[in-house]
Number of protein chains: 2
Amino acid sequence: MITFDDMLNEQLQDPEFRKEYEAIQPEMDVIRAIVDARISQNLTQKELSERSGINQADISKIENGTRNPSLNLLKRLADGMGMTLKIEFVPKQQA
Amino acid sequence: MITFDDMLNEQLQDPEFRKEYEAIQPEMDVIRAIVDARISQNLTQKELSERSGINQADISKIENGTRNPSLNLLKRLADGMGMTLKIEFVPKQQA
DNA sequence: CTATTATATGGCATATATGCCATATTACAA
DNA sequence: TTGTAATATGGCATATATGCCATATAATAG
């Protein structure tokens with residue numbers, strides 16, 4: 001059966017779609033950002049593990065929110081995905 | 001004497017300017033993002049310390065790159081500034 | 001100059017992230 | 001079903017982030 005998430009993940013591999021998807025999600029959770037990035041690169045946790053040097057088990061935990069990664073860890077993850085990490089502080093609400 | 005940084009910091013308090021400044025800085029360092037956000041809110045480290053519950057000394061260390069903060073810490077900082085934390089993974093280079 | 005505010009630095013105890021292993025669970029294909 | 005890949009979970013040692021204090025240095029104002 002094809003789930004909503006399946007479709008979403010597939011679509012996320014399209015850079016255009018991904019960009020727009022994230023644009024309308026300013027509060028999108030960090031976790032989702034990580035998963036999205038990995039999926040968009042068509043990587044499994046194991047593959048990302050090999051490329052980043054971070055254990056698959058730990059990637060899983062991060063993606064499930066059971067870990068609280070440091071900036072360095074996130075950068076290493078980004079690196080493993082051929083990406084760079086960007087963080088922003090966005091004002092909470094428009095006046 | 002008025003330095004470049006003085007001017008930059010002053011200008012960063014203008015939301016419009018800040019937005020554009022950051023737009024042309026996709027690789028802008030996390031550290032700079034934190035400082036910019038604080039300055040844009042016209043806060044001192046001490047004030048941010050009071051609002052976020054994070055020690056001024058530690059804010060200084062973070063802003064100087066001598067600490068490697070976790071996601072939670074960054075979120076608490078964002079909160080103290082009335083902002084939300086947003087992270088992105090951006091592809092390293094265009095093909 | 002002196003005072004005051006802002007930021008930086010060092011140290012240290014304790015909480016927690018990290019890294020790694022084994023294994024369980026889930027998803028998927030033959 | 002059975003096999004295989006993908007992801008999740010639990011545990012544990014060790015490295016490191018966090019929190020806090022005191023104080024140093026830098027910047028600013030009077």
Side-chain angles (χ1 to χ4, degrees), chain A residues 1-13 29-82 85 87 89, chain B residues 1-13 29-82 85 87 89:
Chain A
M1 183 216 176
I2 298 176
T3 69
F4 172 75
D5 264 23
D6 289 337
M7 289 180 54
L8 183 57
N9 286 341
E10 198 165 303
Q11 287 183 294
L12 283 170
Q13 291 173 24
D29 200 66
V30 166
I31 292 169
R32 186 75 217 179
I34 297 173
V35 180
D36 288 355
R38 179 172 64 81
I39 299 297
S40 77
Q41 298 296 93
N42 227 339
L43 295 172
T44 66
Q45 290 181 353
K46 186 153 164 279
E47 287 167 330
L48 179 52
S49 169
E50 286 154 5
R51 299 186 189 195
S52 65
I54 295 163
N55 203 287
Q56 175 272 322
D58 298 318
I59 293 174
S60 169
K61 284 166 194 167
I62 290 166
E63 288 185 355
N64 280 286
T66 65
R67 285 216 167 173
N68 173 30
S70 71
L71 226 40
N72 274 339
L73 192 84
L74 293 175
K75 280 182 182 170
R76 288 198 286 140
L77 277 177
D79 245 48
M81 296 188 276
L85 180 72
I87 84 164
F89 292 91
Chain B
M1 181 214 176
I2 298 175
T3 68
F4 172 77
D5 264 21
D6 288 336
M7 289 179 53
L8 183 57
N9 286 341
E10 199 165 300
Q11 287 183 293
L12 282 170
Q13 292 173 23
D29 199 69
V30 166
I31 292 168
R32 186 75 217 179
I34 298 172
V35 181
D36 288 354
R38 179 172 63 81
I39 299 296
S40 77
Q41 299 297 92
N42 228 340
L43 296 172
T44 66
Q45 290 181 353
K46 185 152 165 280
E47 286 168 331
L48 179 53
S49 169
E50 285 154 6
R51 301 188 188 194
S52 65
I54 295 163
N55 203 287
Q56 174 272 323
D58 298 318
I59 293 174
S60 170
K61 285 166 193 167
I62 289 165
E63 289 186 354
N64 281 285
T66 66
R67 285 218 167 171
N68 174 31
S70 71
L71 227 39
N72 273 339
L73 192 83
L74 293 175
K75 280 180 181 169
R76 288 199 285 141
L77 276 178
D79 243 48
M81 294 188 277
L85 181 71
I87 83 163
F89 292 91

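The structure displayed is predicted, hence computed values, not measured ones. Throughout, a chain's letter reflects where its sequence line sits, starting with A, and its residues are numbered from 1.
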In whole angstrom, give the distance that lies between atom CD1 of B:Ile31 and atom C1' of C:dT7.
-> 15 Å
Return the minimal non-hydrogen interatomic distance between B:Gln56 and B:Gln45, and the atom names on each side.
-> NE2-OE1, 2.9 Å
Strand-adjacent residues in residues 52-61 of chain B, judged by heavy atoms under 4.0 Å from DNA chain C = B:Gln56, B:Ala57, B:Ser60, B:Lys61
To the nearest Å, give me how far apart CD (A:Glu47) and C1' (D:dA6) are.
-> 10 Å
Length of the line joining B:Glu50:CD and C:dT7:P, which is rounded to integer Å | 12 Å
Nearest heavy atoms of B:Asn64 and B:Ser60, plus distance in Å = ND2-O, 2.8 Å
Return the minimal non-hydrogen interatomic distance between B:Ile62 and B:Ile34, and the atom names on each side.
-> CG2-CD1, 3.6 Å
Using the C1' atoms of five pairs at each end, what's the angle between the two axes of the helix from C:dC1-D:dG30 to C:dA30-D:dT1, to 10 degrees?
-> 60°
Any donor-acceptor N/O pair, A:Thr66 side chain to A:Lys61 backbone, under 3.5 Å | yes
Residue pair A:Gly65 / A:Ile31: nearest heavy atoms and the distance that separates them = CA-CD1, 3.5 Å
Which pair of heavy atoms, one from B:Ala33 and one from A:Phe89, lies closest together, and at what distance?
-> O-CD1, 3.7 Å
Residue closer to the 5' end of DNA chain D, B:Ile62 versus A:Gln45 (nearest nucleotide) | A:Gln45
Going by number, which of residues 64-77 of chain B have a non-hydrogen atom under 4.0 Å from DNA chain D?
-> B:Arg67, B:Asn68, B:Pro69, B:Ser70, B:Leu73, B:Arg76
